[in-house]
Amino acid sequence: MKALLLEGKGKVSEMKVGNIQKPHLAKGEILVKIKATALNPVDYKTGNGGNPSWTYPHVLDLIQQH
């Protein structure tokens with residue numbers, strides 16, 4: 001599946017669409033089909049600041065694959 005990948009802290013301007021493995025679902029979880037998606041200003045600010053618990057590349061957004 002395709003995703004918008006953040007390569008490192010402070011690199012929001014360098015995000016790229018890449019392929020990731022379909023997630024494995026745990027008991028009680030579901031996978032939904034995304035029809036539309038967007039990033040808002042909070043996403044950009046959070047992406048630039050990073051999060052100590054993130055590993056990179058980090059998925060900011062999944063992208064519908066037709």
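Just the heavy atoms: all of them, side chains too, but no hydrogens, waters or symmetry mates, feed the values below. FYI, the numbering just counts along the sequence from 1.
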* Can you find a heavy atom in the side chain of K9 that is under 4.5 Å from one in the side chain of N48? -> no
* Asked: Can you check whether P23 reaches L31 side chain to side chain, under 4.5 Å on heavy atoms?
  -> yes
* Asked: Are side-chain heavy atoms of Y56 and K11 found at a separation under 4.5 Å?
  -> no
* To do: For the pair H58 and W54, name the ring-plane relationship: parallel under 30°, tilted 30 to 60°, perpendicular over 60°.
  => parallel
* Heavy-atom pair with the smallest gap, counting every atom of V59 and A3 -> CG1-CB, 3.8 Å
* Asked: CD1/I20 to CE/M1 distance, rounded to the nearest 0.5 angstrom?
  -> 6.0 Å
* Rounded to the nearest 0.5 Å, what's the gap from CE on M15 to CD on E7? Could you check? => 10.5 Å
* **4.5 Å side-chain heavy-atom contact, T46 and N51** => no
* Does some side-chain heavy atom of V17 sit less than 4.5 Å from a side-chain heavy atom of L5? -> no
* E29 side chain to A26 main-chain N or O, any donor-acceptor pair under 3.5 Å? -> yes
